[in-house]
Engineer: 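The following block contains the structure, expressed as structure tokens.
Note that the structure is a prediction, hence the values are computed from the model and not measured. Convention: sequence-line order gives letters A, B, ...; per-chain numbering from 1.
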2 protein chains.
Amino acid sequence: MIDQGYAALTARKVAERVGLKHQLVYYYFHSMDELLLTAFRRRTGQVMARVEQAIGSPRPLQALWDAHSDPVQAALTVEYMALANHNEAIRAETVEFGERLRRTGLTEVAQRLGETAPKADALNPFAITMAIQSISGILGMEAALGISGGHAEMRALVQWCLDQLQPSPGDQSGQRDI
Amino acid sequence: MIDQGYAALTARKVAERVGLKHQLVYYYFHSMDELLLTAFRRRTGQVMARVEQAIGSPRPLQALWDAHSDPVQAALTVEYMALANHNEAIRAETVEFGERLRRTGLTEVAQRLGETAPKADALNPFAITMAIQSISGILGMEAALGISGGHAEMRALVQWCLDQLQPSPGDQSGQRDI
DNA sequence: GTCTATATAATGATAGAC
DNA sequence: GTCTATCATTATATAGAC
């Protein structure tokens with residue numbers, strides 16, 4: 001799926017990779033759609049576990065940012081999003097997972113923001129979380145393709161913002177400058 | 001392509017939509033790959049025109065933000081990005097287009113930032129442009145699927161930032177608070 | 001330009017032997 | 001569980017009549 005796309009994920013190719021005949025796919029799964037849904041669920045579980053681990057770290061926002069930087073994961077996400085636009089079962093699960101993912105660790109982030117960030121209505125934890133996920137996501141998707149323009153500058157800006165919101169232990173510079 | 005995905009864009013379906021036989025596709029195009037590339041180029045041209053128009057408006061950043069908010073366009077972008085991950089010709093054109101798009105109006109944005117924004121190294125025009133494109137892009141992709149959590153909060157945060165960077169004519173509040 | 005006809009290959013899925 | 005055999009469908013693409 002990563003290197004050939006969801007359209008190339010056929011029963012024959014799946015079976016070939018595990019050294020079996022293609023008809024066996026229909027022994028283990030009722031249909032290709034069911035196989036696809038099973039694979040999708042396994043992945044959302046893995047992503048959720050990684051995000052929960054990030055939230056539990058000393059610097060949740062920084063960890064959340066790092067967790068989404070992988071280009072390979074981003075390419076897979078693009079594939080599943082394209083799939084979700086035309087497969088109703090995948091779409092429904094994507095919505096459910098997306099909403100859940102964004103609410104994960106919201107209270108923890110809100111608590112941290114209350115401690116260190118300036119009081120501004122616009123600095124909503126929901127918005128901060130989404131900004132981090134959005135920017136790191138696009139960064140990964142573009143990196144997977146080979147686009148790099150503005151990436152270093154973007155990382156610098158995000159790092160600056162993260163340092164403002166959650167100063168690292170050894171860094172006291174700039175806080176409250178925002 | 002929008003409602004069935006790139007994999008469902010077959011010669012038969014294309015011909016059917018214009019009321020002709022599927023073999024005629026190979027009269028107008030050498031192959032399906034060529035048709036796909038032609039469609040992609042037509043679209044990048046349209047997107048580029050819209051962005052250039054936004055850059056030329058009185059509030060470039062605001063206009064850039066507005067120009068990327070369409071969920072239908074975002075869904076199409078996802079489709080082409082997935083395609084680019086497995087089609088070398090589309091990938092090469094995507095990289096070229098992406099790099100060009102991000103540099104479009106960079107000097108104009110830099111000039112505006114120099115006039116109104118606080119002097120901070122992190123507020124690089126390249127980064128600002130990418131942040132706007134990233135967040136509005138994800139917002140659109142998610143909206144196309146039906147995800148809405150955090151969107152209102154995200155829009156509020158971006159609007160707050162945009163107002164800081166480029167105050168609208170009738171709004172003097174908050175500037176320099178950043 | 002548009003058509004019919006056709007070659008070739010791949011797909012999802014089922015039936016039944018072992 | 002894994003296999004062989006098979007079906008109906010669809011795909012890209014070409015050749016040639018009109």
Engineer: Output one letter per nucleotide in nucleotides 9-16 of chain C: B when a protein non-hydrogen atom lies under 4.0 Å from the base, S when only the sugar-phosphate is that close, - when neither is.
Structural biologist: --BBBB--
Engineer: Of all residues at least two apart in sequence or in a different chain, which pass the side-chain hydrogen bond (donor to acceptor under 3.5 Å, both in side chains) check with A:His151?
Structural biologist: A:Glu142
Engineer: What is the distance, to the nearest angstrom, from the OH atom on A:Tyr28 to the C1' atom on D:dT2?
Structural biologist: 8 Å
Engineer: Going by the rule side-chain hydrogen bond (donor to acceptor under 3.5 Å, both in side chains), which residues pair with B:His86 if we only count those two or more places apart in sequence or in a different chain?
Structural biologist: A:Glu79
Engineer: Figure out the OH/P separation between A:Tyr27 and D:dT2, and round it to whole Å.
Structural biologist: 8 Å
Engineer: Which pairs pass side chain to side chain donor-acceptor pair (under 3.5 Å) with one or both residues in residues 67-78 of chain B, sequence neighbours excluded?
Structural biologist: B:Arg43-B:Gln73, B:Arg43-B:Thr77
Engineer: What pairs meet the ring pair (Phe, Tyr, Trp, His ring centres under 6.0 Å) rule with one or both residues in residues 3-46 of chain B, with sequence neighbours excluded?
Structural biologist: A:Tyr6-B:Tyr6, B:Phe40-B:Tyr80
Engineer: Could you pull out all residues at least two apart from B:Arg41 that satisfy side-chain hydrogen bond (donor to acceptor under 3.5 Å, both in side chains)?
Structural biologist: B:Glu93
Engineer: Measure the distance from CD on A:Glu16 to P on D:dT2 and round it to the nearest whole Å.
Structural biologist: 17 Å
Engineer: Could you check how far NZ of B:Lys21 sits from C1' of D:dA15, rounded to whole Å?
Structural biologist: 18 Å
Engineer: Looking at A:Asp66 and A:Arg59, is any side-chain nitrogen of the basic one under 4.0 Å from a carboxylate oxygen of the acidic one?
Structural biologist: no
